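The next block holds one structure in the form of structure tokens; read it before the comments.
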Amino acid sequence: MPLIKVGAHLDSEIAEDAFVTVADDAPLTDAPAIVSLARFKKERDVLLARNTPLGIRLKAAENPEELGDDVHHFAVVVLEIPTFKDGRAFSWARILRTRMKYRGEVRSVGHILYDQVALLQRVGVDAFELPETITLAQVRRALGEMKNVYQPSADGRKTIRDLRAG
Amino acid sequence: MYRYDEFDAQFVAERVEQFRYQVARRLAGELTEDEFKPLRLMNGLYLQLHAYMLRIAVPYGTLSSKQLRKLGQIARKYDKGYGHFTTRTNLQLNWPKLVDVPDILAELASVEMHCIQTSGNCIRNVTADQFAGATAEEMEDPRPLCEIIRQWSTRHPEFTFLARKFKIAVGATEHDRAALQYHDMAVQVVRNAEGRTGYLVMAGGGMGRTPYVAHVMREFVEREDILAYLEAVLRVYNEDSRRDNIHKQRIKILINAIGPEEMRRRVAREFEEIKASGTLQLPQDELDRIKTYFAPPEFEKLPDVSSQFEVAQQRDADFANWVMTNVAKHKQPGYAIATISLKPVGGVPGDATSDQMEALADLMDEFGFDEVRVSHEQNLVLPHVKKRDLPAVYARLKALGVATPNAGLITDIIACPGLDYCDLANARSIPVAQDIARRFENLQRQHDIGELKIKISGCINACGHHHAGHIGILGVDKKGVEYYQLQLGGSGAEDASIGDIMGPGFGRHEIANAVERVVDHYLKVRLDGERFLDTYRRVGMEPFKNVAYLEQLYAAY
Amino acid sequence: MAAAPKLPQMITANRLRDGEVVWWKAGHWVERIEQGSVYEDPKAAAAALTEAQVFVTDRVVVNPYLFEVRVTDGRIKPASERELIRAAGPTVRHDLGKQSCPTLESFDVSL
């Protein structure tokens, strides 16, 4: 499935995935790698010593706060969504952006619904690996469906209250 | 009441188009039912036994005459000419067609209504006292805060896929008419020792399989901090709730698992950070701006005593009876609060026909009532009636069949739709309500019994709030046969308690008898001034249990 | 000892577009339970349910499933109260649901 990246102005494009997701028991190559939290905990120093970009893939139950300041070593944080019903990733993304001030790529992968794309974007997700049924055209449509928002979130977007104040 | 500005109107219009697109994709096969279901639920559309069911949001139970009229029209045009008012003050249509729902939503939008978040694992309708803005009891009208919470929670990007649904209520009176302590989260308007008005926040109440009464999360939250605090509670819930067992995913389970102390600690941590970020602060001018929408109508300066009203009570015994139960004190001299009963004896609790809705809208216009309220006890309320108008209003209500003089009495029963309508039900609830109401129809007997809240649910999901019934009834399926469990001593008021289960269930044709025996026993042993609930709390289950099972005992011989 | 004979089965679903309750009749859907196909043989019932799935993919119905009935003197009665109510309509509103239609051939609605 293609990687779709969303820019600051809600422009979205298909992008090359520079990273390779490496299984826990597989050897690393020279390519930029995404590893699991478990592997990072075990091999932290080795992984950080590498000269290539590093990414981490968190399961739904894994709070990114476990990374602490290490989060800033990662070029990408991947948030797994095992089923669309599991909305924890929305809080994890939010925390990455606002509490941990993470500036790298936050990527959602998994069982994501069309209706979740715009919401994920608001909480700070800027890259998506989506099911085949959600095309780039659909992503663009989803992002533009609701012009205004009622509450602040990680995207820093002006809320309806801000707009009312003029 | 709140009026949409261009932003609100645009939001709802876009939401309608969004759903129209989703329906089109579903019908074209681009979405499977599994993919479509969460989307339709977010717009309140269920698939029930006979048909789809559409749940229309009535924010904090407040409707204008225009809105009530439109609901009647929609029910006639797209449904079968009636709707059902629920225990969360929403309106349900039982027979809409999927293909019509986008148009229904568009018609609702034309009167500033919607079905957003009336289902799904998200923040649901915010409810309040049906006497808000009219009762002298309140510290202030709770509805401006309800509206602020409604906007904050609408399509909240972080909290749209919670572990389960999340229900919020706001209260501002000592006497709780909104069952605050049974909500996932509730806000009570309070004043602190320095005389500042702020909010007490509680969380973790709930009905269902495992009922709980809420715990206090914070005794006093400053006004400007309230949204930050609510967001903190939701975030902890979203992060830490279980996701592995649908029966253990409400916030009540989380708080019970980690303990209220630990919950408070986690919430406090989130709260401090959100507050410090400043993004969710609620400035006084915003609160004031919303408050202006809820300014009371231009009250006439009237004497508190109305001779028309007094004379009419003397002349018309029916009217006098109705006043006794259905008319409550208003803060403004010369005014009163009138409850419109949707509990005709033998009728379906909470149902209203299109004709009734439209006629009530006409009544509202004619008498200058800008609002009608929906109570969680499935009745309607006219919050600002001039006392001198009460006789005329009563006559009109009576002609419409909504003047049953039973507010708060034993025949004012709360019942979920049950197996007659609902896909989740195990047993029927409405016929039980009808049987019991017919049994106790005699008004004198009802007055003698006094306040007795019977609540009936057709399944463990407890939409009939049976845990909070003075007498609660739960319908169960025992090997394909309907049985009804009795619970006694529940309360949804400020003295919240969960009803105690009596024992084995009663059959469909025994349950009304059992209830009658329980009630008769209360009449026998009560002390002066005791309601049923008070007597139960004094004497306990044992004596009631003994009389209730009498029929079985006789049968055994 | 021989197992008790299983009850005959029928297939029911809701129509996608309007939510109407429908029953399977050998290749298509009907709006009256007494018009539907009754399967004595569980294997035939299961095969029919598989055949019915096409109508899910084709966006005609939602969630078809099997349920049990009893047939007495040619009259069909669902074994469960739930399916009885689905076939007739709400017991508290005889003017609503399929029971309200004058062309409805009577079937045993007693609970």
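Here the structure is a predicted model, which is why all the values come from computation and not from measurement. So you know, we letter chains A, B, ... as the sequences are listed, proteins then strands, and number each from 1.
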Check: Which region of A/Ser153, side chain (C-beta onward) or backbone (N, CA, C, O), has a non-hydrogen atom less than 4.5 Å from a non-hydrogen atom of chain B, or is it both or neither?
Finding: side chain
Note to self: Is B/Thr279 close to chain A through its backbone or its side chain, or both, or neither, when contacts mean heavy atoms under 4.5 Å?
What the structure shows: both
Next item on the list: Give, for atom CG of A/Leu113 and atom CD of B/Glu35, the distance between the pair rounded to the nearest 0.5 Å.
Entry: 7.0 Å
Check: Is it true that B/Glu239 and A/Arg94 make a salt bridge, defined as a side-chain N closer than 4.0 Å to a carboxylate O?
Finding: no
Item checked: Positive for side-chain contact (heavy atoms from CB on, under 4.5 Å) with B/Pro157, one of A/Val125, A/Leu119, A/Val149 -> A/Leu119
Checklist line | Among B/Asp285, B/Leu280, B/Asp8, residue most engaged with chain A (heavy-atom pairs, under 4.5 Å) | finding: B/Asp8
Notebook entry, point to check: Is it the backbone or the side chain of A/Leu120 that comes under 4.5 Å from a heavy atom of chain B, or both, or neither?
Noted result: neither
Margin query: At a 4.5 Å cut-off on heavy atoms, which part of B/Leu162 comes close to chain A: side chain, backbone, both, or neither?
Written below: backbone
Margin query: Taking side chain as everything from C-beta outward and backbone as N, CA, C, O, which of these in A/Glu65 sits under 4.5 Å from a heavy atom of chain B? Side chain, backbone, both or neither.
Written below: side chain
Note to self: So, taking the atom named CD in B/Glu6 and the one named CG in A/Asn148, what distance separates them when rounded to the nearest 0.5 Å?
What the structure shows: 9.0 Å
Check: Which atoms of A/Tyr114 come close to chain B, meaning under 4.5 Å heavy atom to heavy atom: side chain ones, backbone ones, both, or neither?
Finding: side chain
Check: Any side-chain heavy atom of A/Arg164 sitting closer than 4.5 Å to one from B/Asp5?
Finding: yes
Next item on the list: Evaluate the ring planes of B/Phe161 and A/Phe90, with Trp represented by its six-membered ring, and classify them as parallel (under 30°), tilted (30 to 60°) or perpendicular (over 60°).
Entry: parallel
Next item on the list: Would you please indicate yes or no on a ring centroid separation below 6.0 angstrom for B/Phe11 and A/Tyr150?
Entry: yes
Next item on the list: Name the region of A/Asp155, side chain, backbone, both or neither, that has any atom closer than 4.5 Å to a heavy atom of chain B.
Entry: neither
Check: Is the side chain of B/Asn238 donor-acceptor paired with the backbone N or O of A/Gly87 at a distance under 3.5 Å, no angle test?
Finding: yes
Check: Would you find more than 12 non-hydrogen atoms of other residues, nucleotides or ligands less than 6.0 Å from B/Gln284 atom CD?
Finding: yes
Next item on the list: State, yes or no, whether a side-chain contact exists between A/Arg161 and B/Pro283 at a heavy-atom distance under 4.5 Å.
Entry: yes
Item checked: Proximal component of B/Gln10, with respect to chain A [non-hydrogen, under 4.5 Å] -> side chain
Item checked: Presence of salt bridge, B/Glu270 and A/Arg99, under 4.0 angstrom -> yes
Note to self: Does the structure place the NZ or CZ of A/Arg141 under 6.0 Å from the centre of the six-membered ring of B/Tyr21, at an angle of no more than 45° from the ring's axis?
What the structure shows: yes
Next item on the list: Could you tell me the separation between the CD atom of B/Glu14 and the NZ atom of A/Lys147, rounded to the nearest 0.5 Å?
Entry: 4.5 Å
Check: With side chains defined as the heavy atoms from C-beta onward, is the minimum distance between B/Leu227 and A/Gln151 less than 4.5 Å?
Finding: no
Checklist line | Options B/Glu231, B/Arg15, B/Arg289, B/His156, ranked by heavy-atom pairs under 4.5 Å with chain A, top entry | finding: B/His156
